[in-house]
Structures are given as structure tokens and as C-alpha cells.
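Here the structure is laid out as C-alpha cells; the discussion comes afterwards.
Quick caveat, the model's predicted, so the values are computed rather than measured. In what follows, every chain begins at residue 1, and chains take the letters A, B, ... in the order their sequences are listed.
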There are 2 protein chains.
Amino acid sequence: MDESKITERGRRTRQRIIEATGEQILASGIGGTTLDTVRAATLTSKSQLFHYFPGGKAELVREVAGWEGRQLFEAQEPFIHDLASWESWEQWRSGLVDYYISRGRWACPIGSLATQAAMSDPELEQVIADSMRAWRELLAEGVGRMRDAGLVAASADPMTVATVILAAIQGGLVLSQPERAAWPLEAALDSALAPLHAESLREGATPA
Amino acid sequence: MDESKITERGRRTRQRIIEATGEQILASGIGGTTLDTVRAATLTSKSQLFHYFPGGKAELVREVAGWEGRQLFEAQEPFIHDLASWESWEQWRSGLVDYYISRGRWACPIGSLATQAAMSDPELEQVIADSMRAWRELLAEGVGRMRDAGLVAASADPMTVATVILAAIQGGLVLSQPERAAWPLEAALDSALAPLHAESLREGATPA
DNA sequence: TCTTCATTGGACTTCATAGTCCATTCCTAG
DNA sequence: CTAGGAATGGACTATGAAGTCCAATGAAGA
């Protein structure tokens, strides 16, 4: 979408469409979200939808994926760029759980899209995969900082630990969703995070 | 579906429909699976689909969910009913990973349906939730046996540990799918399983 | 053999939804 | 004030998929 010929008014309309679509997808999935319901929710018209997203529904969904990804990252700021102490991890964890549970999200915009979209739209799959990779990268850097500071076993591979944490988030949400309870997510996350504060539990941890 | 007035021939046709639908759903999702493609793949006719599944697509999908659930449980036999030793857990793990990865499943029939169907079909959600609950139950019983045998910390809550393991499976698959690699699933699973063979690592585990 | 009912074939209907098109309105620069 | 392009409204089309219906076939027992 060429953004050069767009006014402020148009920008806001476009954004309104993206956000409403995001909500509907989170609530009803891609298949359960139709251009008509989006149109109704945003008080727009069919022509506007295609004006701002010439690629139709597929492009709209991709834009939603990108935006949701950015929102998810923002929700983890500023800790996601620190994660150099157990306190930082705890605060990061707290913010993340809040992001999912409060305001009844009950699903990961990225993870659930990944499942739904793996098939049917390779371009969307790419957008999702990029978010996932970036996310894992940031977590791995945090784990690396912990390791460099001697706060976690030197034998731990940051990328592996990061993957385990991400898997805990995604899997925890899969189980939390039907229960409408946060505890599965929290249990999974705590378990995955355990290696990061082992120093307080393990045998004579000499570091630092 | 009343099964009383069904011949062997009919039973096999019905089963053929279920299995073909299951494959298509796993590959393309519920939305990407149409009665026409199922009809084509099974060499049946529209009337047969509705003859065996009067409730239409929704009923067919529910039957698929039930059948896939049973298949998944079978793949975990006989270990899922044992899990009283670390060796048993290892063999169970091996069989499960094989079930997902070999023959390119790359997704959990139950978990991925859970994500797709949470919305749109409460009845299906029930079928899925039942499978999940039963699964967690079996795992928790195994953890309980390990605890009773003093092979795992007495402080560990079997249900929590079981949930963490399930979350690792589901989340691991979410990450493995786009990568088309088994390692995220294996890493997540190993991490979740760690408490079950801790006795060989931890400080003088006194339990029992 | 005949009857009956499960099974099958496939055309047809209905409906939801993505996408097109053109007219109209709004805003702003010149 | 006016011309042009962005923004908007909404009817219309095309399509694909679910679901209906009736006729034909096959098999098994009376």
C-alpha cells in the first residue's frame, strides 16, 4: 500500500479498520471475520476497505498481523530489551500475562494466527514467522545477558531456553483459553522460566 | 447418529469420510476443508455425506475430532497408562514425537482444532475440551505414580506438572510447525519433563 | 423371486461473502 | 472559488460452498 497519497483522515480510518478487524479475528478467527462485519463495526463502506487494502481481505489480515505483532512487542517494553536480572524477567512476565489475560484476550494474536494461517496464505505465514523469530531473538539476548552475568548455567543455550519460554507461552494459552483461567499459562511460564532464577535454589551456585 | 441401521459397507464408507476429512483439516484447517473436496477425495456423493452425518459439516467435524482424539491416545499406548518410571516416560515421549513428526503431521489434531474451533462451535469445543481433560488426567496419574514412588519431589502437584507438559507439547508444535523441524517440540518437552528425572541431578533428593 | 431398506448419484437451490464499479461528497492547494 | 484528488456510499456481480431432493442401485431376508 502506497502511503504517500493518504491524508490524516484517511490514515485514521485505515487504522480503525485494522484495529476492529484485529478484535474480530481474535474473537472469531479469520474465517469468522467477514468484510461485512468489519464494515459494520467501523461504519465504513466496502469501497473503503478495498481503497485502503487493495489486496482485499488477505492484505487486511496481513496488516492486522503486523500491527498486532507490534502491539505485542510494545506490551513487553521496556523489559524485553533488558532482561538482565531476575527482577526484570519477573516484571516482563507480569506485563505479558497481563497483556493476555486482562481485557480478555485469551489468545496470542501471533500464535493463534500462526495456527490458522499456516495453511492458505504463505505471505501471512511469513509475517507471522518474522514476528516469532524476532521475539525469540529478544528473549535469547536476555538469556545471554543472564548467562554472561553468571546468573544462569553457562551450559544453557540461550536460543533453546528462549524457544522453551516461547513454547510455554503459546502452549499455556492453548490450555488457558478453554478454561478461561490464567493458571495454565502461568504454570507453563513459571516452569520455563525456572532455569533463570536457579541460582537461588541450586547447589552452591558460585557465580558473581 | 443412530448406528443401528448401518451395514458393514456403510460403516466403512462413513469411516473413509472421517479419515479423509481429518487429513484435509490437518492440512488446510476447518475452513479450508469443503464438503466438495471431501466428496472428491472419498469418491462419494453429497447425499452420502448428509446420510452419514445428518448434522452436516459441523457434525462431521465433531466426529473427526473424536476420532482423532482416540487415534492420538492410541499412539501413546501402552506407556500413557504406565508412566511409573523415567524409562516409561522416555518411551512415551518418543512415541508421541514420532506420532507428530513422522508422517508429517506437524500439528496436534486436538490442539489445533482447539484453536480453530474455540469460536463458532460450542459443541466441538466440548469434544476438544473433553479430550484435553482426559489427557491431562492420564498424565497427572503418571506424575502421581512417580511421586508415590519417590521419584519426583513430593512438593510437585501432579496436575500442575501434567498441565506444564501438555502446554509444552502444544506450544512446541506451534513453534515446530513453521520451522518444519522437531527441535522446538523436543526442547519444550524435555524442559517440561525435567522434574521427572530430577532425582539423577538434584542435591541428595531425600523423598520416599 | 420379490420386497424393502440402506446406499449411492448428482442436479438443484440457497445463501453468505469477496470483490467490482460508479456516483457523490469532502478537503485542500492554487 | 474552484479544480482535482482523496475519501466515502452503496448497489451490483461473481463465486463457492452448504444443504436439499428425488431417483436409481445394491444387497439381504422372506
Side-chain angles (χ1 to χ4, degrees), chain A residues 1-22 24-25 27-65 116-117 119-121 123-124, chain B residues 1-21 23-25 27-65 116-117 119-121 123-124:
Chain A
M1 174 93 202
D2 185 6
E3 317 245 339
S4 61
K5 292 180 179 178
I6 198 172
T7 68
E8 175 58 20
R9 184 182 171 203
R11 214 209 89 267
R12 282 197 288 118
T13 299
R14 188 184 136 97
Q15 183 59 23
R16 187 154 41 97
I17 294 171
I18 290 179
E19 296 188 17
T21 306
Q24 292 192 13
I25 287 181
S28 318
I30 296 178
T33 300
T34 74
L35 295 186
D36 264 348
T37 58
V38 169
R39 189 185 49 65
T42 54
L43 298 179
T44 54
S45 63
K46 242 358 181 355
S47 66
Q48 282 168 289
L49 262 38
F50 283 85
H51 179 68
Y52 295 114
F53 308 95
K57 185 177 180 179
E59 179 179 346
L60 172 55
V61 172
R62 279 195 297 275
E63 292 293 313
V64 169
Q116 293 178 56
M119 27 273 193
S120 83
D121 190 342
E123 283 191 65
L124 175 55
Chain B
M1 174 92 202
D2 185 6
E3 317 244 342
S4 60
K5 292 180 178 176
I6 198 171
T7 67
E8 175 58 21
R9 185 186 172 202
R11 214 209 86 267
R12 282 197 290 119
T13 298
R14 189 183 137 97
Q15 184 59 23
R16 187 153 44 95
I17 293 171
I18 290 178
E19 296 189 16
T21 306
E23 284 176 29
Q24 292 192 14
I25 287 181
S28 318
I30 296 178
T33 300
T34 75
L35 296 187
D36 264 348
T37 57
V38 169
R39 189 185 49 64
T42 53
L43 299 178
T44 53
S45 65
K46 243 356 180 358
S47 67
Q48 281 168 289
L49 263 37
F50 284 85
H51 178 68
Y52 294 113
F53 308 94
K57 185 177 181 178
E59 179 180 344
L60 172 54
V61 172
R62 278 194 298 275
E63 291 295 314
V64 169
Q116 293 178 56
M119 26 274 193
S120 83
D121 189 342
E123 285 190 65
L124 175 55

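- Nearest heavy atom pair, residue B:R39 against residue B:T44, reads CG-O, 2.8 Å.
- With no hydrogens or angles considered, no side-chain donor-acceptor pair links B:T21 and B:Q24 at under 3.5 Å.
- When all heavy atoms of A:V64 and A:I25 are compared, the closest pair comes out as CG1-CD1, 4.3 Å.
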So which protein N/O to nucleotides 13-20 of chain C N/O distances come out below 3.5 Å?
residue	atom	partner	partner atom	Å
C:dA18	OP1	A:K57	NZ	3.2
C:dA18	OP2	A:L35	N	2.9
C:dG19	OP2	A:K57	N	3.1
C:dG19	N7	A:K46	NZ	2.9
C:dG19	O6	A:K46	NZ	2.9

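- A close approach under 4.0 Å does occur between a side-chain nitrogen or oxygen of B:Y52 and OP1 or OP2 of C:dT8.
- Side-chain contact check for A:L124 versus A:I30: some heavy-atom pair is nearer than 4.5 Å.
- In this structure, A:R11 places its CZ atom 22 Å from P of C:dC26, rounding to the nearest Å.
- Rounded to whole Å, the distance from CZ on B:R39 to P on C:dG9 is 10 Å.
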For side chain to side chain contact (heavy atoms under 4.5 Å, CB included), just list the numbers for B:I18 and B:Y52, CA-CA rounded to whole Å, side-chain angles, deciding distance to a tenth of an Å, and then say yes or no.
CA-CA 10 Å; B:I18 290 178; B:Y52 294 113; over 6 Å; no
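- Between chain B and DNA chain D, the heavy-atom contact criterion of under 4.0 Å yields a 5' to 3' nucleotide range of D:dA17 to D:dC21.
- A:E8 places its CD atom 16 Å from the C1' atom of C:dC26, with the value rounded to the nearest Å.
- With sequence neighbours excluded, the residues forming a salt bridge (charged side-chain N to carboxylate O under 4.0 Å, His left out) with A:E123 are A:R62, listed by chain and number.
- Residues B:R16 and B:R12 form no side-chain contact, since every pair of their non-hydrogen atoms from C-beta on lies 4.5 Å or further apart.
- For the pair A:H51 NE2 and C:dA23 P, the interatomic distance rounds to 18 Å; values are reported in whole Å.
- Residues A:R14 and A:F53 approach most closely at NH1-CE2, 3.5 Å, considering heavy atoms.
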